[in-house]
Amino acid sequence: PLPVFPVASAQGVRLQLEDGRELIDGMASWWSVIHGYNHPVLNAAAKNQLDAMSHVMFGGLTHRPAIELAELLVSMTPEPLQKVFFSDSGSVAVEVAIKMALQYWQSLGTPAKQRLLTVRSGYHGDTFGAMAVCDPENGMHGLFKGVLAQHLFVDAPRCRNDKEWEERDIAQMENALAEHH
């Protein structure tokens with residue numbers, strides 16, 4: 001087993017360990033604390049929400065903060081995007097997206113379309129559907145290779161997000177789509 005470091009408190013980007021050492025959390029708690037720990041505005045919002053209700057599931061229920069967030073998100077997206085689906089984690093969001101894609105093809109009478117196309121070097125989560133679209137060679141889920149659904153993989157584009165791209169960056173994906181569509 002890997003070593004475990006008990007945390008006593010957290011502030012900003014720093015974690016205070018029980019033994020007094022201090023670490024910088026470069027992973028931002030799996031990227032969920034991008035504004036830092038103990039951010040006063042976020043803490044106040046969480047406390048206010050707890051005073052009203054801690055949690056309500058979205059299975060046929062909703063609440064004002066969810067409605068307001070959904071309205072804000074829809075206002076930021078281009079047409080025709082008008083719907084929001086909330087999930088409780090990134091892995092679950094990937095699972096839901098996979099289910100929606102499969103359901104789309106089933107509703108069109110093409111249930112045999114069950115494979116996905118994704119890029120190598122990706123990490124999408126630790127649930128089974130999400131693991132199945134993570135990089136099968138260099139990812140951390142190789143142990144489950146024989147159990148996971150088999151999908152199609154292409155090399156990730158070499159261009160950076162903030163730079164111009166070239167046709168060759170997506171040629172492998174275009175070819176895979178043409179061949180397996």
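Only heavy atoms go into these numbers, but all of them, side chains included; no hydrogens, no water, no symmetry mates.
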Under a 4.5 Å side-chain heavy-atom rule over Ile, Leu, Val, Met, Phe, Trp and Tyr, are [X] and [Y] clustered together?
| X | Y | result |
| --- | --- | --- |
| Leu17 | Tyr37 | yes |
| Leu23 | Val7 | yes |
| Leu177 | Trp105 | no |
| Phe128 | Leu143 | yes |
| Val74 | Phe85 | no |

Quick check: do [X] and [Y] have side-chain heavy atoms less than 4.5 Å from each other?
| X | Y | value |
| --- | --- | --- |
| Lys145 | Glu137 | yes |
| Val84 | Phe86 | yes |
| His35 | Leu42 | yes |

Within the side chain of [X], is there an N or O that forms a donor-acceptor pair under 3.5 Å with the backbone of [Y]?
| X | Y | result |
| --- | --- | --- |
| Lys113 | His181 | yes |
| Gln114 | Pro111 | yes |
| Ser9 | Gln16 | no |
| Ser89 | Val92 | yes |
| Gln172 | Val154 | no |

Nearest heavy-atom pair of [X] and [Y]: which atoms, and what distance?
| X | Y | value |
| --- | --- | --- |
| Met173 | Val119 | CE-CG1, 3.7 Å |
| Glu95 | Gly129 | OE2-N, 2.7 Å |
| Ala132 | Ala149 | CB-O, 3.6 Å |
| Ile98 | Ala130 | CD1-N, 4.4 Å |
| Leu15 | Ala10 | CD2-CB, 3.7 Å |

[X] [atom1] to [Y] [atom2] distance, which is reported to the nearest 0.5 Å:
| X | Y | atom1 | atom2 | value |
| --- | --- | --- | --- | --- |
| Lys83 | Thr77 | NZ | OG1 | 11.5 Å |
| Thr62 | Ile67 | OG1 | CD1 | 4.5 Å |
| Asp169 | Arg160 | CG | CZ | 13.0 Å |
| Met76 | Leu81 | CE | CG | 12.5 Å |
| Trp165 | Ile170 | CH2 | CD1 | 4.0 Å |

The criterion is side-chain hydrogen bond (donor to acceptor under 3.5 Å, both in side chains); which residues satisfy it with Arg120, sequence neighbours excluded? none

Which is it for Asp135 and Tyr123 under the side-chain contact (heavy atoms from CB on, under 4.5 Å) test, yes or no, and what are the steps along the way? CA-CA 7 Å; Asp135 190 313; Tyr123 170 80; over 6 Å; no

Go through the steps to decide whether Val94 and Thr127 satisfy the test side-chain contact (heavy atoms from CB on, under 4.5 Å), and finish with yes or no. CA-CA 9 Å; Val94 172; Thr127 56; over 6 Å; no

Could Glu174 and Arg168 be called an ion pair, given the rule that one side-chain N must be under 4.0 Å from one carboxylate O? no

Among pairs that include at least one residue of residues 1-29, which meet salt bridge (charged side-chain N to carboxylate O under 4.0 Å, His left out), considering only residues two or more places apart or in two chains? Arg14-Glu22, Asp19-Arg21

Please determine whether side-chain contact (heavy atoms from CB on, under 4.5 Å) holds for the pair Phe153 and Thr118, giving the CA-CA distance in whole Å, both sets of side-chain angles, and the decisive distance to 0.1 Å. CA-CA 5 Å; Phe153 289 85; Thr118 187; 3.2 Å; yes

Can you list the steps and then say if Leu116 with Leu152 is a side-chain contact (heavy atoms from CB on, under 4.5 Å)? CA-CA 6 Å; Leu116 304 170; Leu152 303 168; over 6 Å; no

Using a 6.0 Å cut-off, check whether atom CG of Asn161 has over 12 heavy atoms from anything other than its own residue. no

For residues 45-54, run the donor-acceptor check on the side chains, cut-off 3.5 Å, and write out each pair with its distance to 0.1 Å, sequence neighbours left out.
unit_1, atom_1, unit_2, atom_2, d
Asn48, ND2, Ala44, O, 3.3
Gln49, NE2, Met53, O, 3.2

